[in-house]
Student: 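Quick one: structure below, then a few questions.
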2 protein chains.
Amino acid sequence: MKETAQILKEKGLKVTPQRIAVYNMLLNTTEHPNAETIYKALEPTNPTMSLATVYKTLDYFKQLGLVQELNVGEGSSRYDAVVKCHPHTVCVQCGKVQDLYLDELTEIHKKVEDELDFQVNCEQLILYGVCGNCRRKNKEG
Amino acid sequence: MKETAQILKEKGLKVTPQRIAVYNMLLNTTEHPNAETIYKALEPTNPTMSLATVYKTLDYFKQLGLVQELNVGEGSSRYDAVVKCHPHTVCVQCGKVQDLYLDELTEIHKKVEDELDFQVNCEQLILYGVCGNCRRKNKEG
DNA sequence: TATTAAATAAAAATAGTTATCGTTTAGGAG
DNA sequence: CTCCTAAACGATAACTATTTTTATTTAATA
């Protein structure tokens, strides 16, 4: 696996402890955390870390294609180190956000490009519903 | 066509000029305006209209299924009186948001329900790209 | 028409995010 | 390795979208 420092350098970013921490945290989670969550997770081990820096860092990363921003309709944006366009499920009960991979979407891209006058660059598909865990809990209760 | 006043009454809402104005405005546009835009559009003809009321009204409408909230990644939410789940295209150049209808999505719902442990209630598909108008403008420039 | 709970406008408050500014630091030059 | 400088940092103020508060007005029913 490529070193985080190396990746940042390749993107023309100065390598700082804060940036390494944010990027590593995103690489090691599938939870799609928001800025606040990232900050709270890093604060204990990185005493010198500010929320403003997290926001600024995420903004740089986003522009350089190192992370993807995701808005599922909450107050705040979530972030994902998987930058390839991919759909997500959102459980409306527990709020859990999960990645999803569907080949069918490329067909849809093609169809829209052919039939409508619109060149698709990227798509965002969010499936809202109830996850298995919550459904089972509902039955029990 | 059913009267707006009648529709509001059926939903158990008190019929007020402000609510009628907001709902009619949304029925008569395909532009997916945000709260600010709705307010500015109505202010001239409805001198007694406040932004807070627009927000509150949209919130009621949303809960009662009269409108749909749409977040395409701008700072603010857009609103649509077409409440049936449907995809949208967003032009990243001019910001235009357009409705889209695709049958393929029901297949995707089914696939996710069958293969993953997730019950889909509603989906939001946003296709980001460049609309025909902007592509033509780019070629000219 | 009188009553009253609900809706309103205006303004204050809040949440998420961005900008400012003085200080610190990464990283290249010497 | 040390010096230098632009870039990054933390703290905090500012900003934007939205929500809440409160006193006033109004829709709808009696």
Student: Heavy-atom nearest nucleotide on DNA chain D for A:Tyr39 versus A:Leu13: which residue maps closer to 5'?
Tutor: A:Leu13

Student: Please work out if B:Tyr60 contacts a base, only the sugar-phosphate, or nothing of the nucleic acid, heavy-atom cut-off 4.0 Å.
Tutor: sugar-phosphate

Student: Do other residues, nucleotides or ligands put more than 12 heavy atoms under 6.0 Å from the CG atom of A:Asn28?
Tutor: yes

Student: Are OP1 or OP2 of D:dT18 and a side-chain N or O of B:Ser77 less than 4.0 angstrom apart?
Tutor: yes

Student: Identify whether any heavy atom of A:Pro47 sits under 4.0 Å from a base atom; if not, whether one sits that close to sugar-phosphate; answer base, sugar-phosphate or nothing.
Tutor: nothing

Student: Does the distance from a Lys or Arg side-chain N to an Asp or Glu carboxylate O, for B:Arg136 and A:Asp117, drop under 4.0 Å?
Tutor: yes

Student: Round to the nearest Å and state the distance from A:Lys62 atom NZ to C:dT18 atom C1'.
Tutor: 11 Å

Student: Give the angle between the helix axes at the two ends of the helix from C:dT1-D:dA30 to C:dG30-D:dC1, taking five base pairs at each end and rounding to 10°.
Tutor: 30°

Student: Taking only N and O in the side chain of A:Arg19, is any of them less than 4.0 Å away from OP1 or OP2 of C:dA26?
Tutor: no

Student: Whole Å only: how far is the CD atom of A:Glu74 from the C1' atom of C:dT17?
Tutor: 16 Å

Student: Take A:Cys122 and A:Cys85, measure what disulfide (SG to SG under 2.5 Å) needs, and give me the verdict at the end.
Tutor: CA-CA 6 Å; A:Cys122 176; A:Cys85 271; 2.0 Å; yes

Student: Using every non-hydrogen atom in the two residues, find where A:Glu113 and A:Val120 come nearest and quote the distance to one decimal.
Tutor: OE2-N, 2.7 Å

Student: Both B:Lys9 and B:Ala35 contact DNA chain D. Which one's nearest nucleotide lies toward the 5' end?
Tutor: B:Ala35

Student: I need the CD1-C1' distance between A:Ile38 and C:dG16, as an integer number of Å.
Tutor: 14 Å

Student: Please check the phosphate of C:dT17 (OP1 and OP2 only) for any side-chain N or O of A:Tyr55 closer than 4.0 Å.
Tutor: yes

Student: Within a strict 4.5 Å, meaning less than it, do heavy atoms of the A:Leu105 and B:Ile108 side chains meet?
Tutor: yes

Student: B:Thr53 side chain: which of C:dT8, D:dA28, D:dT20 is closest?
Tutor: C:dT8

Student: With respect to the side chain of A:Thr57, which nucleotide from D:dC9, D:dA27, C:dT17 is positioned closest?
Tutor: D:dC9

Student: What's the CE-C1' distance between A:Met49 and C:dT24, to the nearest Å?
Tutor: 15 Å

Student: Check step by step if side chain to side chain donor-acceptor pair (under 3.5 Å) holds for B:His109 and B:Glu123.
Tutor: CA-CA 8 Å; B:His109 283 210; B:Glu123 104 286 327; 3.0 Å; yes

Student: Give the rounded distance in Å between these two atoms: NZ of A:Lys56 and P of C:dT24.
Tutor: 20 Å

Student: Taking atom P of D:dT19 as reference, at what distance in whole Å does atom CG of B:Asn34 sit?
Tutor: 13 Å

Student: Would you tell me if any nitrogen or oxygen in the side chain of A:Thr16 comes within less than 4.0 Å of OP1 or OP2 on D:dC9?
Tutor: yes

Student: Could you tell me whether the side chain of A:Asp80 and the main chain of A:Val82 form a donor-acceptor pair under 3.5 Å?
Tutor: yes

Student: At under 4.0 Å between heavy atoms, what does A:Glu36 touch on the DNA or RNA strands: base, sugar-phosphate, or nothing?
Tutor: nothing

Student: So if I take every side-chain heavy atom of A:Leu51 and compare against C:dT17, C:dA26, C:dA10, which nucleotide ends up nearest?
Tutor: C:dT17

Student: Do the rings of B:His86 and B:His32 sit parallel, tilted or perpendicular, given the 30° and 60° boundaries?
Tutor: tilted

Student: Nearest to the side chain of B:Lys14, which nucleotide is it out of D:dT20, D:dA28, C:dG27?
Tutor: D:dA28

Student: Among D:dA11, D:dT18, C:dT8, find the nucleotide with the atom closest to the side chain of B:Thr48.
Tutor: C:dT8

Student: A:Leu58 has an atom CG; how far is it from atom C1' of C:dA19, in whole Å?
Tutor: 17 Å

Student: Is there a side-chain contact between B:Gln18 and the phosphate of C:dA9, meaning an N or O under 4.0 Å from OP1 or OP2?
Tutor: yes

Student: Examine C:dA15: is either OP1 or OP2 under 4.0 Å from a nitrogen or oxygen in the side chain of A:Ser76? Give yes or no.
Tutor: no

Student: Run A:Asn71 and A:Glu69 through side chain to side chain donor-acceptor pair (under 3.5 Å) and show every step you take.
Tutor: CA-CA 7 Å; A:Asn71 193 308; A:Glu69 196 176 2; over 6 Å; no

Student: Measure from CG on B:Asn46 to C1' on C:dA9 and round the result to the nearest Å.
Tutor: 14 Å

